[in-house]
Structures are given as structure tokens and as C-alpha cells.
Amino acid sequence: MYLAMKNAEIARIFAEIADMLDFLGDSPFRVRAYRAAARYLTGLDEPIERIAQGGEKALDELPYIGHDLAQKILEYLSTGRVRKHEELKKKVPAGVLQIMRVPGVGPKTAKLLYDELGITTLAELRAALNDGRVLGLPGFGEKKVERLRHSLRLVEAAAKRHPLGEVLWQARELVARLESLPQVEHAALCGSARRYKETVGDLDLLAASRRARAVADAFVRFPEVDEVLLAGAGRATVFLKTGLQVDLKVIEPDSWGSGLQYFTGSKDHSIHLRGLAMDRGLKINEYGVWKGAERIAGASEAEVYGALGLPWIPPPLREDRGEIEAAQEGRLPQLVSLRQVRGDLKVFPKWGDKDSLADLAKAAASRGYGYLAVADRSSLCAAGEAGLQEAKKLVAEIRRLNESNDGKPYLLSGAEVGILPDGRLECPDEILAQLEVVLVSVRSHYDLDRQAQTRRILRALENPYVHVLARPTARKIDERAPIEADWERIFEFAARSGKAVEIDGFYSHIDLPDTLARRAAELGVTLSLSSGAKALDQLRFMELALGTAQRAWLSAKQVLNSRDLRQLRSWLARVRGQ
DNA sequence: GCCGTTTTCGGCCCGACTGTTTTCAGTCG
Ligand SMILES: Nc1nc2c(ncn2[C@H]2C[C@H](O)[C@@H](COP(=O)(O)OP(=O)(O)OP(=O)(O)O)O2)c(=O)[nH]1
Ligand SMILES: [Mg+2]
Ligand SMILES: [Mg+2]
């Protein structure tokens with residue numbers, strides 16, 4: 001899909017093979033192997049075809065990929081197909097995989113429904129539930145039928161993923177409310193949100209309390225709860241009125257650390273960790289680390305990792321993408337932190353009187369920023385003299401503000417300039433020369449082919465006034481696919497020419513995405529973090545850029561805006577050869 | 001399917017909840 005289109009294609013094939021094998025009742029371990037490989041490829045930052053140049057041996061060295069899957073990858077790369085996949089598709093009717101998407105219906109139930117009633121579509125399932133045909137089936141009673149009938153209405157909501165920035169702050173309000181319950185000692189947001197994944201399937205909330213049942217009962221009565229799917233002693237699953245699914249788990253305060261570790265995942269990370277524990281004769285569950293009947297850790301996460309001889313691993317790294325090996329070998333990265341972000345490298349001053357530049361400067365100052373790159377994207381590029389006048393006006397206004405607020409924070413004059421299809425910029429160089437920082441981005445002609453798109457971006461980066469490639473993939477989550485380009489070449493060029501590439505944290509963009517950002521950094525690129533804020537309260541999207549940077553394994557020195565103002569300005573000058 | 005300073009065969013994370021089960025299978029996190 002992104003850098004690595006083949007990675008995504010092969011991942012999809014492996015995931016489909018897993019579903020079909022699952023349906024057919026194949027070994028659950030084989031199913032898991034295909035699923036885990038699919039997840040691994042989805043997050044793999046290097047193009048698989050590049051790795052495959054090293055042959056089967058190189059592929060076999062990847063985790064979750066052994067001899068068989070390496071062969072299948074090579075088969076796909078040379079023929080565009082995987083025979084096993086094609087053969088399974090002949091055996092498994094299209095549509096039954098849809099049936100398995102219904103909450104509460106797994107491979108066994110789907111198979112039963114197909115074998116006994118020939119059900120292959122959601123409509124057929126609905127009909128069979130309504131006319132009572134399913135009642136004769138083994139394991140089907142009144143309650144189950146009612147439950148599935150209800151589930152059918154939830155297929156879409158349950159499958160939906162939400163951009164993290166659409167739900168993160170609401171999630172924190174829920175956590176605060178849980179914490180304010182008298183029985184609750186701590187509460188935290190876990191799951192993919194704590195790992196700063198760009199989208200989340202649900203919210204996973206953990207609470208510590210000695211009275212689990214009371215907490216779950218109070219939670220399902222929160223006013224934003226629309227319906228309760230499940231409410232047991234230690235957990236509850238609900239849908240909010242917003243359509244968001246929320247899982248609550250309640251554990252004893254003693255188990256806070258192991259509970260956090262369990263509920264933060266990722267699943268693959270935890271399985272790997274638990275495997276290490278087994279090798280040492282230990283057992284990890286959400287209640288602690290156990291040596292026989294004796295509990296040897298669990299109060300804090302650091303204790304859990306410590307019981308395996310590992311340092312604490314930051315949640316954004318917990319994807320089983322090499323972080324456990326790095327922890328074992330003492331080479332975890334020193335991840336960049338929010339405190340180390342000295343400024344925001346892109347905000348859009350499109351605000352009316354309400355959110356003036358001065359207000360913005362104040363808001364930025366209260367976040368502790370030393371600088372703010374003000375990116376105009378409107379009138380600067382007017383043809384001829386008019387544009388130049390606009391640019392000079394902007395620069396003058398910013399200078400005035402810097403004088404009046406004593407440069408706290410210092411506002412940098414800048415622009416995000418569109419790249420024309422041929423790689424020239426929408427703004428002439430005389431105007432760019434007026435500005436302290438110039439970002440460029442693709443914001444038209446998204447569908448150029450890979451070669452043309454790559455040429456276009458490289459040419460734009462060659463412009464000596466350009467500092468940063470912004471919103472590189474131009475995607476919008478769930479709305480616009482990323483452009484196709486040879487990111488390896490682009491990153492190599494950026495690294496060589498000393499230009500930065502952006503991670504725009506604006507919630508619907510997150511661009512670069514995590515895996516591409518990791519690859520960029522591996523190739524020596526410096527990343528520039530920004531909120532992309534168009535309003536005052538959007539400065540907080542910097543946190544999403546930062547979370548993405550952490551998922552990309554970035555340390556402070558790989559992040560442009562971990563530099564203070566003086567260092568930043570000398571970097572900006574150096575890019576322009578000054 | 002993968003994996004291996006105990007193994008190249010025989011393991012593979014572990015538990016909660018539900019419904020229908022008369023002792024547990026299926027699904028999910
Ligand atoms: N040990 C173990 N933990 C699991 C398993 N499935 C889920 N978990 C833990 C780790 C997950 O991060 C956490 C929450 O489960 P979710 O299904 O909500 O997954 P997660 O939040 O990671 O991704 P999401 O964005 O919700 O799809 O529960 C599992 O099979 N085994
Ligand atoms: Mg989740
Ligand atoms: Mg969940």
C-alpha cells in the first residue's frame with residue numbers, strides 16, 4: 001500500500017489463506033502462522049521484493065517467515081499468484097469469510113452454517129435466524145439466536161477502525177471518569193491507542209480495583225454508553241453512542257503492571273514475551289509473572305519485563321518488530337519524547353480574529369515551544385509582483401509579532417508549497433527566498449504513475465530553497481489512498497541532500513505513517529514533526545506525530561525539531577548552502 | 001505454518017465469558 005505495495009499484497013493473501021484454513025478446520029497453529037506472517041508483512045518497512053533479492057535465505061531470516069512462506073513470497077513475486085491461495089479459494093465459497101466477521105461467529109459456526117444450511121451471505125444468515133431454521137443445529141438455542149440476530153446489526157461497527165485522533169481525547173475523559181469512581185485506584189488507556197497506532201478498532205480501558213463487579217456495573221451505566229454487549233465480573237464490552245466500541249477490564253491493584261502489559265499488547269508482542277517466560281520455566285498472565293504457584297512480579301510493568309531480564313519497553317515499540325531482541329541485547333532506542341520537541345514545524349494561520357497569530361503564539365508558548373513554523377498556503381503564490389508583495393507582508397507581520405512577544409516562541413515565516421506534476425513548485429524562487437522555512441507537498445495529480453511521481457518529488461527536493469518534504473504520501477486515512485512512489489529513492493535522496501521529511505500528525509493524515517517513517521530513518525533521513533494545526537486546539541496533534549515517531553523507533557537526534565531555535569536556524573541555513 | 005545455547009520433532013500464550021454442555025467448545029481479548 002505505501003512504500004511497500006508488495007508487502008501489503010502478500011500480507012493480504014496470507015491473511016486470506018489463514019481465514020480459509022481456519023474455516024476448513026486446519027491446524028490452529030498453521031492458521032496463526034499465516035496470520036502472524038501477514039501482520040508482520042503489513043508492518044514491515046522494507047520492500048519485500050528488495051529483501052527477496054537475497055533469495056529464500058534472506059526471506060527465511062525474517063521472523064514469522066520460514067521455508068514455506070519464503071517460497072510463497074518468491075512465487076508471488078515471480079508469478080503474481082500463490083497456488084495455495086487459488087486452490088483454497090476453489091474450496092471455500094466466497095462469502096463465508098463475511099459470515100466469520102459477525103461478532104460471535106467464528107470458523108466453527110460459519111462452517112456449521114454452511115454445511116447444514118448452505119449459508120454464504122449475511123442476508124441468508126439473517127433469514128435463517130428469523131425463520132428458526134438454525135434452531136435445530138447443535139449448540140444453537142434461543143439465546144444464541146437472539147445474540148446473533150443482534151450481532152448482525154453490529155458487523156460494520158465492529159469492523160470499523162477509527163483514526164486515533166478522533167477518539168484519543170474522548171478516551172482520556174472516560175479514563176478520568178473511571179478514576180473518579182470511589183472504588184477505582186488507577187485507570188489507564190491501553191491497547192492500540194496506548195501504542196499510538198494511527199487507527200484503533202476499539203478503546204481498551206484498564207481499571208484497578210478490589211471491587212471489580214461494582215466498577216463494571218458503574219461503567220456500563222456511563223451516559224455515553226449506548227448498548228452493553230457483555231458484562232462479567234472482571235470485564236465489560238460496550239458500544240458508545242458514537243459507535244465506538246470500548247472494552248473495560250478490571251483487575252486487582254496488585255496486578256496493575258501485569259494487567260497493563262497484557263492489555264497493551266500487542267498480541268504478537270505478548271505471545272513472544274510469554275514464550276520467553278516459558279523457556280525460563282515462568283508463566284505470564286494478566287495477574288503477574290509466576291514461578292509455579294509463586295508470584296514473582298506484576299505490580300509494575302517494569303517488574304514484569306524485569307522478571308525476564310529485560311528493560312521496560314515503551315508501548316509504541318510493542319509490535320514484535322524486533323523490540324524484544326533489541327531489549328535483550330541492550331539496544332533499545334532512546335525514543336524521542338514530547339519534552340524534547342522544541343517547536344511545531346507546521347501550523348496553518350488560516351484563523352480569523354478568534355485564533356489570531358498572537359493567540360497561536362501564546363498557545364505554543366504554553367506548550368513550551370521555542371518556535372513555530374507558520375506555513376501560509378494561500379495567497380503567496382499569486383503570479384508576479386502580487387505574490388511577492390504578499391510574501392513580504394507575511395514576513396513583516398511575523399517580524400512584528402516576534403518583536404512584540406520577544407520571540408517567545410519565535411515564529412518562522414514559511415509556506416507549504418504545492419509540487420506541480422512536473423516537479424516545479426507553485427511558487428517562484430524569489431518568493432521562497434523570502435521565507436525562513438519552505439515545505440513542499442503533493443496536493444494535486446495524486447494518480448501519476450510511480451515513476452512520474454518519484455521524478456516529480458525528487459525534482460521538487462532539488463530546489464535549493466526547499467527544506468522539508470511535507471505530507472509525503474498525501475493520503476487521507478480511509479479517504480484517499482497514498483500516492484505511489486519509489487520511497488527508497490526519495491529517502492535516499494533526502495538523506496544525501498540533507499533535507500528533512502515530515503511526519504504530519506494531523507489526525508486524518510498521519511503522514512509519513514509509522515512504517516515509512518521507520519524506513520526513512522533507517523536510510524538516514526531526518527524527520528520533521530508537526531501538528532498541521534488549522535486551529536488553536538489542534539496543536540495537540542503534535543502528540544500523534546510524536547507517537548508515530550516513536551513507533552518508527554526515532555531518537556531525538558533523528559528529529560529536526562528536537563533542535564533548539566539556534567540549531568534549527570543553522571540547519572535551515574545549511575540546507576540552503578549558507 | 002514457525003522455531004531451536006535444552007530440541008530438527010514436537011512444542012506452539014493464557015484466561016474470561018457465554019450458552020448449552022452434564023463437563024466443555026467456541027469466541028474473543
Ligand atoms: N495474551 C493475549 N493478549 C491479547 C490477545 N488478544 C488481545 N490481547 C490483548 C492485547 C491487545 O492489545 C489488547 C486489546 O485487544 P484488541 O483486540 O482491542 O487489540 P488492539 O487494541 O491491540 O488493536 P485494535 O486497534 O483494537 O484492533 O488485548 C491474545 O490472543 N492473547
Ligand atoms: Mg483495541
Ligand atoms: Mg479490545
Side-chain angles (χ1 to χ4, degrees), chain A residues 14-15 17-18 20-23 25-40 59-73 82 84 88 99-113 135 137-148 150-151 154 158 190-192 200-206 212-213 216 228-237 245-251 255 258-259 261-290 308 320 328:
Chain A
F14 286 177
I17 291 177
M20 293 190 282
L21 290 175
D22 210 1
F23 175 81
D26 206 310
S27 151
F29 298 108
R30 184 176 292 113
V31 171
R32 190 174 95 190
Y34 273 100
R35 278 212 180 104
R39 281 195 295 265
Y40 181 77
L59 291 170
D60 197 1
E61 276 169 19
L62 298 173
Y64 298 112
I65 306 295
H67 170 265
D68 286 34
L69 293 188
Q71 283 303 325
K72 289 181 171 64
I73 290 169
V82 175
K84 184 174 178 99
L88 282 169
I99 303 290
M100 288 199 286
R101 302 275 116 81
V102 177
V105 177
K108 297 287 187 288
T109 309
K111 183 96 178 355
L112 186 71
L113 290 167
L135 271 174
L137 267 42
F140 272 81
E142 293 283 356
K143 281 189 174 169
K144 181 148 184 175
V145 171
E146 195 40 54
R147 212 182 165 77
L148 289 187
H150 190 243
S151 275
L154 303 174
C190 299
S192 48
V200 299
D202 65 1
L203 298 177
D204 300 288
L205 308 184
L206 182 70
R213 171 113 264 159
V228 180
L229 271 67
L230 171 164
R235 68 182 315 153
T237 298
Q245 185 182 325
V246 184
D247 287 342
L248 171 72
K249 183 166 176 73
V250 191
I251 45 137
S255 300
S258 43
Q261 196 290 314
Y262 155 73
F263 218 25
T264 299
S266 68
K267 175 176 166 173
D268 291 328
H269 174 88
S270 289
I271 289 177
H272 190 158
L273 215 58
R274 290 172 179 205
L276 290 184
M278 288 196 302
D279 295 343
R280 290 161 177 69
L282 304 174
K283 180 179 77 169
I284 300 181
N285 57 23
E286 58 264 56
Y287 308 111
V289 182
W290 305 82
L308 298 177
D320 201 21
Q328 285 173 317

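Here the structure is a predicted model, which means the values were calculated and not measured. Order of the sequence lines fixes the chain letters, A, B, ..., with proteins taken first and strands second; residue numbering starts at 1 for each chain.
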For this session: Could you tell me which residues satisfy side-chain contact (heavy atoms from CB on, under 4.5 Å) with A/R35, sequence neighbours excluded, listed by chain and number?
Result: A/A18, A/D19, A/D22, A/V31, A/R39

Exercise. Among the nucleotides B/dG29, B/dC17, B/dA16, which one has an atom lying closest to any side-chain atom of A/L230?
Worked result: B/dC17

Problem set entry | Closest nucleotide among B/dG29, B/dC14, B/dT18 to the A/N285 side chain | B/dC14

For this session: Could you list the residues that satisfy side-chain hydrogen bond (donor to acceptor under 3.5 Å, both in side chains) with A/S192, not counting sequence neighbours?
Result: none

Exercise. What distance, rounded to whole Å, do you find between the two P atoms, one in B/dC13 and one in B/dC17?
Worked result: 22 Å

For this session: For B/dT8 versus B/dC2, give the span between their C1' atoms, rounded off to a whole number of Å.
Result: 12 Å

For this session: Find the distance A/W290:CH2 to B/dG15:C1' and express it as a whole number of Å.
Result: 13 Å

Exercise. For A/A33, what residues pass the side-chain contact (heavy atoms from CB on, under 4.5 Å) criterion, not counting sequence neighbours?
Worked result: none

Problem set entry | Whole angstrom value for the distance that separates P of B/dG19 from NE2 of A/H150 | 13 Å

Exercise. Please give, in whole Å, the distance from B/dC14 P to A/I251 CD1?
Worked result: 18 Å

For this session: Just call it for A/Q71: base, sugar-phosphate, or nothing, with non-hydrogen atoms closer than 4.0 Å on any strand.
Result: nothing

For this session: Please determine, by modelled atom types, if A/D320 and A/H272 share a side-chain donor-acceptor pair under 3.5 angstrom.
Result: yes

Exercise. Quick one: side-chain hydrogen bond (donor to acceptor under 3.5 Å, both in side chains) partners of A/D26, sequence neighbours excluded?
Worked result: A/R30

Problem set entry | Residue-phosphate contact under 4.0 Å: A/R147 side-chain N/O, B/dG19 OP1/OP2 | yes

Exercise. Among all residues two or more places apart in sequence or in another chain, which pass the side-chain hydrogen bond (donor to acceptor under 3.5 Å, both in side chains) test with A/T264?
Worked result: A/R194

Exercise. Considering only heavy atoms from C-beta outward, does the side chain of A/V250 approach that of A/R235 to under 4.5 Å?
Worked result: no

Exercise. Can you check the A/Q261 CD to B/dC14 C1' distance for me, whole Å?
Worked result: 12 Å

For this session: Between B/dT5 and B/dC12, how far apart are the P atoms? Round to whole Å, please.
Result: 16 Å

Exercise. Using a cut-off of 4.0 Å on non-hydrogen atoms, how would the nucleic acid contact of A/A18 be classed: base, sugar-phosphate, or nothing?
Worked result: nothing

Exercise. When rounded to the nearest Å, what value does the distance between C1' atoms of B/dT21 and B/dT27 take?
Worked result: 16 Å

Exercise. What interatomic distance, in whole Å, is found between C1' of B/dT20 and the corresponding atom of B/dG26?
Worked result: 11 Å

For this session: Go along nucleotides 1-13 of chain B 5' to 3' and tag each nucleotide: B for a protein heavy atom under 4.0 Å from its base, S when only backbone or sugar atoms are that close, - otherwise.
Result: BSS--B-----BB

For this session: Could you tell me which nucleotide pairs with B/dG19 by Watson-Crick or G-U wobble geometry, both distances under 3.5 Å, or answer none if nothing does?
Result: B/dC24

Seminar exercise, completed: Taken to the nearest whole Å, CG/A/L137 to C1'/B/dG19 is 15 Å

Exercise. Who passes salt bridge (Lys or Arg N to Asp or Glu O under 4.0 Å) against A/K111, sequence neighbours left out?
Worked result: A/D115

Exercise. Which is true for A/E146 with a 4.0 Å heavy-atom rule: it touches a base, it touches only sugar-phosphate, or it touches nothing?
Worked result: nothing

Problem set entry | Protein-nucleotide distance (A/K249, atom NZ; B/dC14, atom C1'), rounded to Å | 10 Å

For this session: Quote, to the nearest angstrom, the P distance that separates B/dT18 from B/dG11.
Result: 33 Å

Problem set entry | salt bridge (Lys or Arg N to Asp or Glu O under 4.0 Å) partners of A/R147, counting only residues at least two apart | none

Exercise. Has the side chain of A/N285 got a donor or acceptor atom that lies under 3.5 Å from a matching backbone atom of A/G288?
Worked result: yes

Tabulate atom names and distances for all N/O pairs under 3.5 angstrom spanning the protein and nucleotides 24-27 of chain B.
residue: B/dT27; atom: OP1; partner: A/G106; partner atom: N; Å: 2.7
residue: B/dT27; atom: OP1; partner: A/G106; partner atom: O; Å: 3.2
residue: B/dT27; atom: OP1; partner: A/T109; partner atom: N; Å: 3.0
residue: B/dT27; atom: OP1; partner: A/T109; partner atom: OG1; Å: 2.6
residue: B/dT27; atom: OP2; partner: A/K108; partner atom: N; Å: 3.3
residue: B/dT27; atom: O5'; partner: A/G106; partner atom: N; Å: 3.4

For this session: Would you please classify the geometry between the A/Y34 ring and the A/F14 ring as parallel, tilted or perpendicular, with 30° and 60° separating the classes?
Result: perpendicular

For this session: Would you mind reading off the distance between A/L248 atom CG and B/dC28 atom C1', rounded to a whole angstrom?
Result: 16 Å

For this session: Give A/Y262 one of three labels, base, sugar-phosphate or nothing, depending on what nucleic acid heavy atoms sit under 4.0 Å from its own.
Result: base

For this session: Rounded to whole angstrom, note down the C1' distance from B/dA25 over to B/dT7.
Result: 32 Å

Exercise. So which one's nearest nucleotide on DNA chain B is more toward 5', A/V145 or A/R101?
Worked result: A/V145

